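None of these values were measured; they are calculated from a predicted model.
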Number of protein chains: 2
Amino acid sequence: MSDLLERLRGRGWRMTAQRRVVAEVLDGDHVHLTADEVHARAVTRLPEISRATVYNTLGEMVTLGEVMEVATDGRAKRYDPNAHRPHQHLVCGRCGAIRDVHPAGDPLADLPASERFGFTISDVEVTYRGICPGCASTA
Amino acid sequence: MSDLLERLRGRGWRMTAQRRVVAEVLDGDHVHLTADEVHARAVTRLPEISRATVYNTLGEMVTLGEVMEVATDGRAKRYDPNAHRPHQHLVCGRCGAIRDVHPAGDPLADLPASERFGFTISDVEVTYRGICPGCASTA
DNA sequence: ATCCTACGATAGACAATGTCTAAGTCAAGT
DNA sequence: ACTTGACTTAGACATTGTCTATCGTAGGAT
């Protein structure tokens, strides 16, 4: 059952059919759907759900820190329900497949003070780019 | 004078007034303009230049590897002429300011084989997020 | 159980960014 | 100076995301 839904429930969220469906559709590992993909899947369970509601709901989940927003390609943002465990992303440049990965080490430690320009740094995002095995074999 | 323009010249590029203006507008350090910002600046020098040409020209420069495309915010892509020297980006979450930074170490080495899922990795992008000194003082 | 009310959902207009097409223009080799 | 294919243009179109006015409903109060 959806961890995501459980966590949202415990936050005073008014539970509606729409929010439940969005949370259910988004649940899982290595899930990185665009807002429109979420909407398409939600519609199969709740035909009258609107695009605006999907956008609103995803935005609220991001604000609550329960979902990560990922912009790997400059196109549509993707939504990653795996926000409770820090991770980075590995992206196939040909087919767009995305995997969650867990690098060793702390990239923040690699940025010397002289390269911080006085910024207070709160987060580091790492995106690995390459070609996935499937795409490599059909080169 | 523009290194960028020099490098483009040596690649069999047909040199037009439009391309020259785009390359000149984009030149410099810590430059990260959106396509529309490039267009706005180009228009002041060459009033009849079209949006399509700016998009085309930027796209070609990216393909040639002379300009980096940066998607730091899920909004408009930004274009960084500093492609000849590898670097990463530091972004202010409040005002959107972007600085080029040079972390020590190799982030690729931090990704164990077991976390590569058979991908052939060709590139790593790191984005540091935080608050710049100016925004911090007007908190 | 029913009623209220504020919060959520809806449709569709609008906005921002990017892509494509058809026709005109021009850089550069001959 | 020609010629030609690459370049440019205006504007339509596509995609992604946001906003507004109105309607519906979850959940507490009675």
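- Judged by distance alone, with hydrogens and angles left aside, Arg14(B) brings no side-chain donor or acceptor close enough to the base of dC7(D) to form a pair under 3.5 Å.
- Asp36(A) places its CG atom 13 Å from the C1' atom of dT18(D), with the value rounded to the nearest Å.
- At whole-Å resolution of the value, CZ in Arg75(A) and P in dA14(D) are 14 Å apart.
- Side chain Arg51(A) to base dG17(D): a donor-acceptor pair is found below 3.5 Å.
- Among Asp80(B), Val67(B), Thr57(B), the one residue that satisfies the side chain to side chain contact (heavy atoms under 4.5 Å, CB included) test with Leu26(B) is Val67(B).
- A residue-by-residue look at Ala52(A) and Thr57(B) shows that Thr57(B) has its nearest nucleotide of DNA chain D further toward the 5' end.
- Checking dT10(C), dT17(C), dT16(D) against every side-chain atom of Tyr55(A), the shortest atom distance belongs to dT16(D).
- Note: His30(A) and Phe117(B) have perpendicular aromatic rings, judged against thresholds of 30 and 60 degrees for the angle between ring planes.
- The salt bridge (charged side-chain N to carboxylate O under 4.0 Å, His left out) test with Glu24(A) singles out one residue from Arg45(A), Arg41(A), Arg19(A), and that residue is Arg45(A).
- If you measure from atom CD of Gln18(B) to atom P of dT8(D), you get 5 Å, rounded to the nearest angstrom.
- Following rounding to the nearest Å, Arg9(A) (CZ) and dG27(D) (P) show an atom-to-atom distance of 10 Å.
- Spacing between atom CG of Leu58(A) and atom C1' of dA9(C) amounts to 14 Å, rounded to whole angstrom units.
- For Thr34(B), no side-chain nitrogen or oxygen approaches OP1 or OP2 of dT17(C) to under 4.0 Å.
- Remark: C1' of dG17(D) and NZ of Lys77(A) are 7 Å apart, rounded to the nearest angstrom.
- Going from atom CZ of Arg19(A) over to atom P of dG24(D) covers 19 Å, rounded to whole Å.
- Across the protein-nucleic acid pair, Arg20(B) atom CZ and dA27(C) atom P stand 9 Å apart, rounded to whole Å.
- The aromatic rings of His32(B) and His89(B) sit perpendicular to each other, their planes meeting at more than 60°, with 30° as the lower class boundary.
- Comparing Ala76(B) and Trp13(B), the nucleotide of DNA chain C nearest to each residue sits closer to the 5' end for Ala76(B).
- Considering Thr16(B), Thr53(B), Val22(B), Val21(B) as possible partners of Leu46(B), the one that fulfils the side chain to side chain contact (heavy atoms under 4.5 Å, CB included) test is Val21(B).
- Heavy atoms of Thr53(B) sit under 4.0 angstrom from at least one base atom.
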